[in-house]
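Scroll down for the structure; my scribbles are underneath it.
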Amino acid sequence: MIIETLFATLSDDGEPNFAPMGVVWGEEEMTVRPFRDTITYRNLVSTLCGVANLTDDALLFARAALEDVHPRWRPACHIKGAVLREACSWRELEVIEEEARGDRADIRCRVVGCGSQREFLGFSRARSAVIEAAVLATRLHLHQRKDVETALDRYGGVVSKTGGEREREAMRYLWDYVTRWYGEDTG
């Protein structure tokens, strides 16, 4: 099963990078599948470690999908890694092997540490809608504008019915991003 995480890596200089990343989840091993032209990939193959942070903060997830975010973090305990301060829980990972496949890599990792700060209750319909909208916003070049706007309207409807202020703020952020991407003034 693929679980959406805020995946953290450190550069050789210790600079953190946080990126939304679906990982193939397991208790003892996980597989990370980054694109090979990303900071996450470069850091992961250079340092051979990363942290899969589980968060329920939909706005942070959306922002991390579209910009270079710098959330509060602390050092991991078992690896050279970054644990998101607001994470519900996390898994510290060490690379076992890498297999390149076209523009992506399958990187098998061993779980060498984990932690928990608070219970992860799961995603509400609104948070799930924000995540889907954020994924869509990272792929605007693959879709027709009308299809994107239709999908965002649908996701926005779910958020307005079932979300709180943080999820509404995330949808506004995503709409603003999409509007800017299409070159329109947001007013």
Side-chain angles (χ1 to χ4, degrees), residues 1-12 14-117 120 122-123 127-142 155 170 173-174 177:
M1 175 184 330
I2 295 176
I3 302 294
E4 297 297 332
T5 70
L6 198 53
F7 199 82
T9 56
L10 295 178
S11 69
D12 289 330
E15 289 299 314
N17 180 65
F18 291 88
M21 176 73 54
V23 300
V24 180
W25 197 264
E27 292 304 312
E28 296 177 13
E29 286 187 9
M30 296 186 185
T31 301
V32 184
R33 300 192 62 232
F35 286 99
R36 293 171 64 203
D37 64 348
T38 62
I39 294 170
T40 297
Y41 173 79
R42 288 190 298 276
N43 288 351
L44 195 53
V45 298
S46 177
T47 65
L48 301 177
C49 52
V51 178
N53 291 283
L54 295 178
T55 180
D56 55 5
D57 188 336
L59 177 58
L60 178 58
F61 189 92
R63 288 186 56 232
L66 302 172
E67 63 182 86
D68 183 20
V69 296
H70 301 281
R72 296 180 325 134
W73 63 279
R74 64 170 182 73
C77 293
H78 299 93
I79 61 166
K80 179 183 174 185
V83 174
L84 179 66
R85 285 239 185 232
E86 303 304 320
C88 297
S89 63
W90 61 91
R91 301 294 187 277
E92 299 176 26
L93 307 176
E94 251 179 18
V95 172
I96 299 170
E97 71 177 353
E98 173 197 358
E99 183 179 334
R101 295 182 182 202
D103 59 348
R104 289 191 104 138
D106 284 351
I107 302 176
R108 263 188 45 227
C109 300
R110 175 182 309 108
V111 177
V112 296
C114 62
S116 179
Q117 298 184 126
F120 180 77
F123 281 113
R127 289 178 180 159
S128 294
V130 168
I131 287 175
E132 291 302 320
V135 170
L136 178 62
T138 67
R139 299 175 178 160
L140 295 177
H141 62 287
L142 300 174
Y155 297 138
Y173 169 81
L174 292 166
Y177 176 86

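We use all heavy atoms of the structure for the numbers below, so side chains are in, but hydrogens, waters and symmetry mates are not.
Counting only heavy atoms from C-beta outward, the side chains of L59 and V130 never approach each other to under 4.5 Å. The closest side-chain heavy-atom distance from L10 to N17 is not below 4.5 Å. Using a 4.5 Å cut-off on side-chain heavy atoms (C-beta onward), F18 and L84 make contact. Considering only heavy atoms from C-beta on, T138 comes within 4.5 Å of L66 through its side chain. Two residues are said to be in side-chain contact when any heavy atoms from C-beta on lie closer than 4.5 Å; R42 and T38 fail this criterion.
In this structure, the side-chain contact (heavy atoms from CB on, under 4.5 Å) partners of A64, at least two apart in sequence or on a different chain, are L6, P20, V69. Remark: V45 pairs with Y41, E98, I107 by the side-chain contact (heavy atoms from CB on, under 4.5 Å) rule, at least two apart or across chains. Residues satisfying the side-chain contact (heavy atoms from CB on, under 4.5 Å) criterion with E132, sequence neighbours excluded, are Y155. The ring-ring contact (aromatic ring centres under 6.0 Å, His included) test applied to F120 returns F123, not counting sequence neighbours.
Of the possible polar contacts, one joining the T5 side chain to the M21 backbone as a donor-acceptor pair under 3.5 Å is found.
The nearest pair of heavy atoms linking R91 to V111 is CD-CG1, 4.1 Å. Nearest heavy atom pair, residue L174 against residue A133, reads CD1-CB, 3.6 Å. In this structure, G50 and T9 approach most closely via the heavy-atom pair CA-CG2, 4.4 Å. The two residues R36 and G102 have their closest heavy-atom pair at NH1-O, 2.8 Å. Minimum interatomic distance between E4 and G22 (heavy atoms only, all atoms of both residues): OE1-N, 3.5 Å. The minimum heavy-atom distance between A82 and N53, with the atom names listed, is O-ND2, 3.5 Å.
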Side-chain donor-acceptor contacts of residues 28-35 below 3.5 Å, not counting sequence neighbours, with atom names and distances?
from	atom 1	to	atom 2	distance (Å)
E29	OE1	R108	NE	3.1
E29	OE2	R108	NH2	3.4
R33	NE	D106	OD1	2.6

Residues 71-80, side-chain donor-acceptor partners within the protein, below 3.5 Å, at least two apart:
from	atom 1	to	atom 2	distance (Å)
R72	NH2	E86	OE2	2.5
H78	ND1	E92	OE1	3.4
K80	NZ	S11	O	3.3
K80	NZ	D12	O	3.2

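For the atom pair SG (C88) and CG (L54), the distance works out to 7.0 Å, reported to the nearest 0.5 Å. Distance check, rounded to the nearest 0.5 Å: CG of L48 to SG of C109 gives 9.0 Å.
When the shell of 6.0 Å around CD1 of I39 is examined, it contains 12 or fewer heavy atoms from other residues, nucleotides or ligands.
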Q: Might you work through the side-chain contact (heavy atoms from CB on, under 4.5 Å) test for W90 and Q117, ending with a clear yes or no?
A: CA-CA 9 Å; W90 61 91; Q117 298 184 126; 3.5 Å; yes
